[in-house]
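No experiment lies behind these values; they were computed from the predicted model shown.
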Amino acid sequence: MPTFSEDSLLAVRFGNARTGFDLVGIVDAALPVARITAEVLAQDSKDIPLLEEYVLRLVDQGERAPESIAGFLGLDVAMVNQTVAVLFGSDDLRWTAPVPGTAPVPRLRLTEKGRFTATKAAAIVPVRVSQSLVFDQMLWRASPYSRRSTISRDVATEAGMIMLPAARSGPVKDGEVTAEEITTLLQENGTTTREVLQVKSIVQTRTRHVLPVKLLVYADAERVDIELGVVIDGELSDRHEIELIGLGGAKGLGINVEREPERPLLEPDIEEARIPLQEVTQKRAEQAAVQLNSPAPLPLHAKPKALESQAEEIRAIGVFEHPELLDEALTSARKRILIISPWITGAIVTTAFVGKLERRLQRGVKVDIAYGYDDSENRTDPNAIRRLNNLAARFPEKLHVARLKSNHAKILLFDDAWVTTSFNWLSFKGDPDRTYRVEEGTLIRNREKSDVYYARYLELIGDNRR
């Protein structure tokens, strides 16, 4: 059974989350956050309630009657009597016999356990500590995010993430994070033994940080109305969605959705054998549900053909499966990889991408990469091309990078697998125009056909070089 990418699993979980809308894109986004340090007055939580502690400590200091304890604390005697009853039940208090020659009134005394409880409670005193926090600048409140999950804004920009807006600019000010909020955050993060009593001051780091999140792009059937979902730690956040709407929504982020392009048609025998996307999507949803350890969706009336076998297959692929196939090529190809893509961006040709490609080359895999749309195009990242050319200089017999005069093809071919599609293989992230569409391709796992088209694409590259 295949292992699904994070985006594919999100598509399974949230693809039908909006009635009347289709999930057309899953985008890496950056939520603006601030790393702050709060100087706070805090103390470890005590094992007993405050009133029980005061009763024990007052008995220890000589106040032996419930009436005198109530008067000292300014409380009703009945409330003190209830507390005394609890402390009797926990074996912290006992009555002592009246002193000879005095009025026959029993007096309270501490047991050995009660003396230990009172001493332990008295030893816990407030201390001044520094508490590290992450402040969500879209919701403008401290949030239970891990600091280790945040990255610098520059790293997010280089990775092509969409920058989500902040509620306002400027630093976090004293008074904008309360003691109660910090205590709640500590509890949510598993620290249940500390209570924050007072926030003294807030210090914010100068480096700008973000939290990597996923942005789900939904569109209606006409691709006119667009809705967004924000996924944080694998869950949709309604609060961020509502806030994002108030900050401009899809329009404010420059997000558009186009109608689906025409799917490239293939030879009649391939078209006839091709498993349609609806059946493929259903089967993948069933398989992904197993990975998610959740019940599989109800099957369609038409039972999908088996997809587990990869010996030979001809089937549709949806938009969220394309990155998985590219990663399969970069991590498992044994003989050859051929990629044709109009544009190449640094959001795809990352250090990880180059590292995977280098490992294929070291194993003797032959790699051909061709790009170029027309003479006026400027969507290709020169730094990404330089990284590929540097790698080609180290493996001149194995890696060839070609700039084409004009190119509309979008092809991935590795070993005996061939994918033809409208998907931009090397620029699907970090595209500045932020236009999304549902793109459907075809995967053919067949040695004979892959050999034929591999030779054909090599010839196309050779004839179309600049």
Side-chain angles (χ1 to χ4, degrees), residues 5-8 24-30 155-163 214-215 217 253-264 317-330 337-357 367-392 399-414 419-441 457 460-461 464 466:
S5 67
E6 180 185 1
D7 285 1
S8 284
V24 300
I26 300 177
V27 190
D28 290 321
V155 170
T157 301
E158 183 179 354
M161 295 181 179
I162 289 183
M163 293 294 165
K214 291 288 185 177
L215 193 65
V217 182
L253 294 174
I255 290 177
N256 301 292
V257 177
E258 290 183 349
R259 289 189 173 274
E260 293 71 27
E262 290 289 333
R263 178 177 66 82
I317 57 171
V319 62
F320 303 115
E321 190 179 357
H322 286 81
E324 292 176 10
L325 287 166
L326 178 60
D327 190 66
E328 181 184 342
L330 293 172
I337 299 174
L338 183 146
I339 304 172
I340 303 178
S341 180
W343 305 285
I344 299 178
T345 65
I348 300 299
V349 182
T350 60
T351 299
F353 179 100
V354 173
K356 291 176 181 179
L357 190 59
V367 180
D368 292 273
I369 297 176
Y371 70 99
Y373 187 74
D374 58 36
D375 290 336
S376 63
E377 66 92 2
N378 58 0
R379 293 168 61 179
T380 287
D381 183 353
N383 291 327
I385 298 300
R386 184 172 61 253
R387 298 184 79 168
L388 291 176
N389 285 333
N390 289 341
L391 192 60
L399 174 58
H400 301 108
V401 180
R403 170 72 163 91
L404 306 182
K405 299 174 186 176
S406 62
N407 167 48
H408 298 273
K410 292 138 186 177
I411 301 296
L412 172 65
L413 194 152
F414 60 100
V419 183
T420 178
T421 180
S422 60
F423 184 82
N424 292 307
W425 290 106
L426 298 180
S427 64
F428 60 89
K429 286 184 181 178
D431 199 338
D433 68 7
R434 297 181 183 177
T435 298
Y436 304 95
R437 55 185 176 268
V438 176
E439 295 177 284
E440 179 181 343
Y457 293 132
L460 181 150
I461 293 172
N464 199 24
R466 282 192 59 177

Check whether any side-chain heavy atom of [X] sits under 4.5 Å from a side-chain heavy atom of [Y], and report yes or no.
X	Y	answer
Asp368	Tyr457	no
Ile344	Asp381	no
Asn390	Val354	no
Thr420	Lys410	no
Ile348	Trp425	no

Between the side chain of [X] and the main-chain N/O of [Y], is any donor-acceptor distance below 3.5 Å?
X	Y	result
Glu324	Ser5	yes
Arg434	Leu253	yes
Ser422	Pro261	no

- Any chance CD of Glu258 has more than 12 other-residue heavy atoms, nucleotides or ligands included, within less than 6.0 Å?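 Yes, CD of Glu258 has more than 12 neighbouring heavy atoms, counting only those of other groups under 6.0 Å.
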
- Does the side chain of Asn383 pick up a donor-acceptor pair with the side chain of Arg386 at under 3.5 Å? yes

Can you tell me how far the [atom1] atom of [X] sits from the [atom2] atom of [Y], to the nearest 0.5 Å?
X	Y	atom1	atom2	value
Leu388	Ile369	CG	CD1	5.0 Å
Ile337	Leu326	CD1	CG	8.5 Å
Leu338	Leu412	CG	CG	8.5 Å
Met161	Leu215	CE	CG	12.0 Å
Ile385	Arg403	CD1	CZ	8.5 Å
Glu321	Asp7	CD	CG	12.5 Å

- Task: Could you tell me how the ring of Phe423 sits relative to the ring of Phe428: parallel (under 30°), tilted (30 to 60°) or perpendicular (over 60°)?
- Result: tilted

Please give me the minimum heavy-atom distance between [X] and [Y], naming the atom from each residue.
X	Y	answer
Ala370	Leu404	CB-CD1, 3.8 Å
Arg437	Val319	O-CG2, 4.2 Å
Val438	Glu260	O-CG, 3.0 Å
Ala30	Ala156	CB-CB, 4.1 Å
Gly346	Ala384	N-CB, 3.9 Å

- Using the test side-chain contact (heavy atoms from CB on, under 4.5 Å), find all partners of Asn256 that sit at least two apart in sequence or belong to another chain. Thr435

- Message: Once side-chain contact (heavy atoms from CB on, under 4.5 Å) is applied, do any residues pair with Thr350, and if so which ones, sequence neighbours excluded?
- Response: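 Partners of Thr350 under the side-chain contact (heavy atoms from CB on, under 4.5 Å) test: Ala352, Phe353.
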
- Message: Run Tyr371 and Val401 through side-chain contact (heavy atoms from CB on, under 4.5 Å) and show every step you take.
- Response: CA-CA 8 Å; Tyr371 70 99; Val401 180; 4.1 Å; yes

- Message: List the residues meeting salt bridge (Lys or Arg N to Asp or Glu O under 4.0 Å) with Lys356, not counting sequence neighbours, and say none if there are none.
- Response: Asp327

